[in-house]
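Beneath this line is the structure, given in C-alpha cells, with notes to follow.
In each ligand, atom 1 is the first atom listed, and ligand 1 is the first ligand listed. When a residue number appears, it is its place in the shown sequence, counting from 1. These figures come from a predicted structure and were not determined experimentally. Basis for what follows: all heavy atoms, side chains included, without hydrogens, waters or symmetry-related copies.
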Amino acid sequence: MSYVDEVYELVVAKNPAQPEFHQAVKEVLESLRVVIEADEEAYRKEALLERLTVPERIVQFRVPWVDDKGQVQVNNGFRVQFNSAIGPYKGGLRFHPSVNLGIIKFLGFEQIFKNSLTGLPIGGGKGGCDFDPKGKSDREVMAFCQSFMTELYRHIGADTDVPAGDIGVGGREIGFMFGQYKRIRNQYEGVLTGKGLTYGGSLARTEATGYGLLYLTEEMLKCNGKDIAGKTIAVSGAGNVAIYAIQKAQQLGAKPVTCSDSTGWIYDAEGIDVALLKEVKEVKRARLTEYAAARPSAEYHEKKAGEHGVWTVKCDIALPCATQNELDLEDAKALVANGCFAVAEGANMPTTLEATEYLQKNGVLFCPGKASNAGGVATSALEMSQNSERLSWTFEEVDSKLQQIMVNIFHNLDEASKKYGMEGDYVAGANIAGFLKVATAMKAQGVC
Ligand code: NDP
Ligand code: 2IT
C-alpha cells in the first residue's frame with residue numbers, strides 16, 4: 001500500500017468518531033500524493049506524515065462557571081497545539097455547542113497549512129469549548145471566559161501559543177480572556193490577537209478575514225481573465241467573516257445578495273445593507289428576522305432541513321462564510337446550474353469533498369479556505385509584530401500588507417499547482433505549497 005494510503009488508514013483507525021478530522025486529512029493527503037510518491041521511502045523513514053497528523057499536544061479541560069440563576073454549569077474546553085515547526089502555535093478559539101475534539105483537530109490541522117501559506121512565522125493550533133454564547137448575559141459570558149482562561153493560561157504565551165477568535169468568539173470574549181490572563185500572570189503581553197484597539201489590538205484585524213477573502217478572489221478572477229465588478233455574489237453566514245466579505249465585495253463593485261445565520265437566510269435583491277446587518281448582528285446580537293423587518297427589499301426564509309438556502313439563488317460567485325460542510329453536492333449542482341463560475345471559502349472546510357470535486361470538474365474556479373480565509377490569521381500575525389515592537393500601524397498600512405499577502409498566497413498556490421502538473425487545482429496547490437515549508441522545517445529540526 002502506498003505511504004499516503006497507509007497513513008490515512010492509520011488516522012481513521014486511531015481517531016475514531018472524528019469524521020471532520022478524517023475529511024481534512026484526506027483532502028490534504030490526496031493533494032500531497034504526487035509530492036510524497038516522488039520520494040516515498042525518505043518520507044516514510046522519517047515518519048513525516050505520521051508526525052504531521054498527530055498533534056504535538058492536546059489539552060482538554062473542565063470549565064465550570066455559575067449562570068445568572070446561581071446554577072453551576074460545566075463545559076468541555078480544548079486546545080490542540082498541532083505543529084510548531086515554523087512558529088508558535090497560532091489559531092482561533094471556537095465557542096459553539098457543536099465543538100468536540102474532532103472539530104478542533106480538523107481546524108488545527110487546517111491551520112498548519114494556512115499559517116504556512118501566509119509566509120509569516122506561525123505554527124498551527126486551535127481551541128474552543130462546547131459553550132453556547134447565544135442567549136447568555138454579558139456577565140455569564142464573562143464568568144465563562146474567566147473560567148476558561150483560568151485553565152488555558154498555563155498552556156499559552158506570546159512566544160508559545162497565541163489564540164484568537166473564531167465562531168462565537170469576538171471582541172467581547174477576547175477582552176474578558178485577556179483581562180483574566182493578565183490578572184493571573186501579572187504580565188502584559190500579546191497572548192491573544194483580535195484585541196480591542198485600546199489595549200494592543202491591530203487596526204483592520206476585525207475586517208481582515210472578509211477583506212482578505214475578497215482580495216484573493218479578485219486576484220483569482222483577474223488571473224483567469226475575469227472581473228469581480230458587476231458580479232452577483234451569494235454569501236452565507238452573518239458573522240465576522242461574512243459581514244466584512246460583503247462590505248469589501250461592495251467596495252469592489254460587486255453585489256452580494258444573500259446572507260444567513262443558524263436559523264434562516266436573506267435574499268435581498270437590492271444588495272445587502274451592511275450597516276443594517278452590522279446593527280442586527282454586531283450590536284443587537286439578534287436574528288436575521290430583524291434585518292428583514294427593517295428592509296423592504298429583503299426576503300427572509302426560515303432554515304428548513306433538506307433545503308438548500310442561499311446556494312439556490314442565481315449568482316456568479318459563491319462565498320461560504322458560516323461553517324464546515326455547509327455546501328454539499330446538491331448545493332454545488334444548483335450553483336453550477338445557475339451559472340456560478342467561482343467559489344472561494346471564507347469559512348473553514350465549508351464545502352464537502354464531493355461538492356469540491358463536482359465544482360472543479362465543472363470548471364468552477366475553487367479556492368480552499370486555508371488559502372482564501374488566511375487574511376484573518378495573517379493580520380493576527382501582524383498584530384503580534386506590532387505588540388512585539390510596542391507600536392501600532394495605521395489602518396492603511398495593515399490593509400495594504402494584508403492585500404499583498406493575499407495576492408502572494410494566490411500566486412504561490414497557482415505556481416505549485418502548475419509545477420506539479422495540476423494547473424488550476426488550487427486545492428492541490430494550497431496543500432502542497434503549505435506543506436513544503438512545514439516539511440522542510442520539520443526535517444531540519446530532527447526527530448521531534
Ligand atoms: P461568527 O461567530 O462571527 O459567525 C458565524 C456565522 O455563521 C453566524 O452567522 C452563525 O449564525 C453562522 N453559523 C455558525 N454555525 C452555524 C451552523 N452550525 N449552522 C448554520 N449557521 C451557522 O464566526 P466567524 O464569522 O468568525 O466564522 C465563520 C467561519 O469562518 C468559521 O468557519 C470560522 O472557522 C471561519 N474563519 C474565521 C476567521 C476569523 O478571523 N473570525 C478566520 C478564518 C476562518 P448565528 O448568527 O445564528 O450564530
Ligand atoms: O480560522 C482561523 O484562521 C481563525 N479563526 C483566525 C485565527 C487567528 O489566530 O487569527
Note the single closest protein heavy atom to [atom], along with its residue, its atom name and the distance in Å.
{"atom": "atom 15 (N) of ligand 1", "result": "His96 NE2, 3.6 Å"}
{"atom": "atom 7 (C) of ligand 2", "result": "Gly92 N, 3.5 Å"}
{"atom": "atom 39 (C) of ligand 1", "result": "Thr209 OG1, 3.4 Å"}
{"atom": "atom 10 (O) of ligand 2", "result": "Ser380 OG, 2.5 Å"}
{"atom": "atom 46 (O) of ligand 1", "result": "Lys281 NZ, 3.0 Å"}
{"atom": "atom 25 (O) of ligand 1", "result": "Val241 N, 3.0 Å"}
{"atom": "atom 3 (O) of ligand 1", "result": "Asn240 N, 2.9 Å"}
{"atom": "atom 47 (O) of ligand 1", "result": "Ser262 OG, 2.4 Å"}
{"atom": "atom 4 (O) of ligand 1", "result": "Gly239 CA, 3.2 Å"}
{"atom": "atom 14 (C) of ligand 1", "result": "Ile167 CD1, 4.1 Å"}

Atom indices of ligand 2, in the order listed, that fall short of 4.0 Å to a heavy atom of [X]:
{"X": "Gly91", "value": "7 (C), 9 (O)"}
{"X": "Ala164", "value": "8 (C), 9 (O), 10 (O)"}
{"X": "Lys126", "value": "1 (O), 2 (C), 4 (C), 5 (N)"}
{"X": "Lys90", "value": "8 (C), 9 (O)"}

Option of least heavy-atom distance to atom 2 (C) of ligand 2 (set: Arg205, Lys114, Glu110):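 Going through Arg205, Lys114, Glu110 one by one, Lys114 has the nearest heavy atom to atom 2 (C) of ligand 2.
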
Minimum non-hydrogen distance to atom 28 (C) of ligand 1, winning option of Ala322, Ala347, Gly237: Ala322

Sub-6.0 Å ring centroid separation between Phe148 and Phe78: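 No; Phe78 has its ring centre 6.0 Å or more from that of Phe148.
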
Proximity of Gln324 to ligand 1 by residue part, where a heavy atom lies under 4.0 Å: neither

Region of Arg205 that comes within reach of ligand 1 [heavy atoms, distance under 4.0 Å]: side chain

Are [X] and ligand 1 in contact, using a heavy-atom cut-off of under 4.0 Å?
{"X": "Lys303", "result": "yes"}
{"X": "Glu326", "result": "no"}
{"X": "Met349", "result": "no"}
{"X": "Asn348", "result": "yes"}
{"X": "Arg287", "result": "no"}
{"X": "Ser260", "result": "yes"}

Proximity flag Gly165 to ligand 2, non-hydrogen atoms under 4.0 Å: yes

4.0 Å heavy-atom contact, Arg94 with ligand 2: no

Under a 4.0 angstrom heavy-atom cut-off, which atoms of ligand 1 come close to [X]?
{"X": "Arg94", "value": "31 (C), 32 (O), 33 (C), 34 (O)"}
{"X": "Cys321", "value": "28 (C), 29 (C)"}
{"X": "Ala238", "value": "9 (O)"}
{"X": "Lys134", "value": "45 (P), 47 (O), 48 (O)"}

Sidechain-backbone polar pair: His22 side chain, Asn15 backbone, donor-acceptor under 3.5 Å: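 Indeed, once roles are kept as given, a pair shorter than 3.5 Å links the two residues.
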
Under 3.5 Å donor-acceptor, Glu173 side chain and Gly170 backbone: yes

Can a side-chain donor-acceptor contact be found between [Y] and [X] if the only test is distance below 3.5 angstrom?
{"X": "Asp328", "Y": "Trp311", "result": "no"}
{"X": "Tyr181", "Y": "Glu189", "result": "yes"}
{"X": "Asp67", "Y": "Gln71", "result": "no"}
{"X": "Asn348", "Y": "Glu110", "result": "no"}

Ligand 2 N/O within reach of Asn373 N/O, cut-off under 3.5 Å: no

Face-on cation placement of Lys248 at Tyr211 ring, 6.0 Å and 45° thresholds: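 Output yes; distance and angle both within limits.
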
Given side chains that start at C-beta, do those of [X] and [Y] come closer than 4.5 Å, heavy atoms only?
{"X": "Arg285", "Y": "Arg172", "answer": "yes"}
{"X": "Leu93", "Y": "Arg79", "answer": "yes"}
{"X": "Glu383", "Y": "Val162", "answer": "no"}
{"X": "Leu382", "Y": "Thr193", "answer": "no"}
{"X": "Asn100", "Y": "Asp130", "answer": "no"}

Test side chain to side chain contact (heavy atoms under 4.5 Å, CB included) applied to Val241 and Thr209, Val235, Asn373, the passing residue: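 The residue from Thr209, Val235, Asn373 that satisfies side chain to side chain contact (heavy atoms under 4.5 Å, CB included) with Val241 turns out to be Thr209.
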
Test of proximity, Leu107 against ligand 1: N or O pairs below 3.5 Å: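 No, no N or O pair falls under 3.5 Å.
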
Heteroatom distance test (Asp166, ligand 1): nitrogen or oxygen, under 3.5 angstrom: yes

Parallel, tilted or perpendicular, as decided by the 30° and 60° cut-offs, for the rings of Phe21 and Phe82: tilted

Parallel, tilted or perpendicular: rings of Phe95 and Phe131 (30°, 60°): perpendicular

Working for side chain to side chain contact (heavy atoms under 4.5 Å, CB included), residues His96 and Val99: CA-CA 6 Å; His96 191 271; Val99 163; 4.2 Å; yes

Ligand 2 contact on Thr209 by region, counting heavy-atom pairs under 4.0 Å: neither

Asp261 and Arg287 ion-paired at < 4.0 Å: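 Result for this pair is no, no salt bridge flagged.
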
Sidechain N-carboxylate O distance under 4.0 Å for Glu397, Lys401: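 A salt bridge is present here (some side-chain N lies under 4.0 Å from a carboxylate O).
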
